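Accompanying notes for the structure given below.
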Amino acid sequence: KTHNITMDDPELEAIRARRMAEMKAAQGGGGFGGGQGDAQQKEAQRREQEERRGAILQQILTAEARERLSRIRLVKPEKARGVEDLVIRAAQSGQLAEKIDEPRLIALLEQVAGQEKKTTITYKRRGLDDDD
C-alpha cells in the first residue's frame, strides 16, 4: 500500500492561511509596542513554523510513529528534533514514497543515535609499589 506524500494538502493550506491572517492582525494591532512587536512577530513566526512542521510530520508519519516520537520528545527533545529534521528533509527532497511506520522510525532513531558522539572515559592505572 503506497501513499504519495505531497506538500499541497488543503488542510495545510488552511493552517497557513489562518496563521497569515493572525500575523497580519498582530502587525496591525499596535504600532507603539516597539521592541515588543518584534518579539511578538518572532514568536508568531516560530509558532507558524512549528505548526507547519507538525502538519508535515502528520502527513509522513503513521499514528504509531508519531506517538513514539512524542514519547521520545518528552525524554530527549534534541534527539526527537534530529529525527524530525531528517524525516522532513527526506520528504521535501522526494525520497519518501510512503508513510513512515514505527519500525522504520526505530531504524531512523538508531541511525541518529549512531551519529551522536559517544563519550568514553579511559582510566590509566599506575602500578602500586608498596615496598618503599
Side-chain angles (χ1 to χ4, degrees):
K1 184 173 167 179
T2 303
H3 298 291
N4 193 5
I5 299 170
T6 62
M7 296 297 143
D8 299 328
D9 186 9
E11 198 173 314
L12 183 59
E13 289 301 320
I15 292 171
R16 283 184 186 148
R18 188 177 71 236
R19 293 297 304 142
M20 289 301 290
E22 287 176 8
M23 285 175 54
K24 285 181 183 177
Q27 280 180 339
F32 296 109
Q36 187 179 9
D38 280 347
Q40 287 177 345
Q41 186 176 3
K42 285 182 181 181
E43 177 65 22
Q45 286 174 346
R46 188 193 63 74
R47 277 197 316 264
E48 180 186 358
Q49 185 179 13
E50 288 301 316
E51 280 186 22
R52 212 173 322 145
R53 283 177 67 87
I56 291 171
L57 289 170
Q58 189 169 7
Q59 286 181 342
I60 57 183
L61 295 174
T62 63
E64 296 83 16
R66 281 195 312 271
E67 183 180 334
R68 179 175 285 268
L69 195 57
S70 68
R71 287 193 310 261
I72 291 168
R73 188 178 302 109
L74 292 173
V75 179
K76 296 192 177 206
E78 63 283 345
K79 188 176 210 174
R81 185 75 173 196
V83 171
E84 288 173 358
D85 291 342
L86 183 69
V87 168
I88 289 172
R89 278 195 308 270
Q92 288 174 339
S93 65
Q95 296 175 355
L96 297 178
E98 58 187 23
K99 284 190 170 194
I100 294 178
D101 57 357
E102 192 171 9
R104 191 161 169 203
L105 180 70
I106 292 170
L108 288 171
L109 286 164
E110 289 170 353
Q111 179 184 343
V112 168
Q115 292 174 353
E116 290 178 354
K117 206 184 274 188
K118 295 188 178 182
T119 305
T120 57
I121 299 173
T122 306
Y123 292 100
K124 292 185 180 180
R125 300 202 183 261
R126 298 180 185 172
L128 297 174
D129 293 329
D130 288 336
D131 25 325
D132 276 305

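What you see is a predicted model, and the numbers here were worked out from it, not measured in a lab.
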Hey, what do you get for CD1 (Ile72) to CD (Glu78), rounding to the nearest 0.5 Å?
11.5 Å
Nearest 0.5 Å, what's the CZ-NZ distance between Arg104 and Lys99?
13.0 Å
Electrostatic pair Glu48-Arg52, nearest N-O below 4.0 angstrom
yes
Who pairs with Glu67 by side-chain hydrogen bond (donor to acceptor under 3.5 Å, both in side chains), at least two apart in sequence or on another chain?
Arg71
Are side-chain heavy atoms of Leu61 and Arg68 found at a separation under 4.5 Å?
no
Can you list everything that forms a side-chain hydrogen bond (donor to acceptor under 3.5 Å, both in side chains) with Gln49? Sequence neighbours excluded, please.
none
Heavy atoms only: give me the nearest Ile100-Ala65 pair and the separation to one decimal.
O-CB, 3.6 Å
With Glu64, which residues qualify under salt bridge (charged side-chain N to carboxylate O under 4.0 Å, His left out), at least two apart?
none
Sequence neighbours excluded, which residues qualify as salt bridge (charged side-chain N to carboxylate O under 4.0 Å, His left out) partners of Glu50?
Arg81
Atom CG of Leu74 and atom CG of Leu69: how far apart are they, to the nearest 0.5 Å?
10.0 Å
Residue set satisfying salt bridge (charged side-chain N to carboxylate O under 4.0 Å, His left out) with Asp85, at least two apart, ordered chain then number -> Arg53
When rounded to the nearest 0.5 angstrom, what is the spacing between CZ in Arg66 and CD in Glu84?
12.0 Å
Those residues that, when tested against Gln45, pass side-chain hydrogen bond (donor to acceptor under 3.5 Å, both in side chains) (two or more places apart)
none
Below 4.5 Å, heavy atoms only, C-beta onward: do Gln40 and Glu43 meet side chain to side chain?
no
Between Leu96 and Val87 the two heavy atoms that sit nearest each other are CD1-O, 4.0 Å
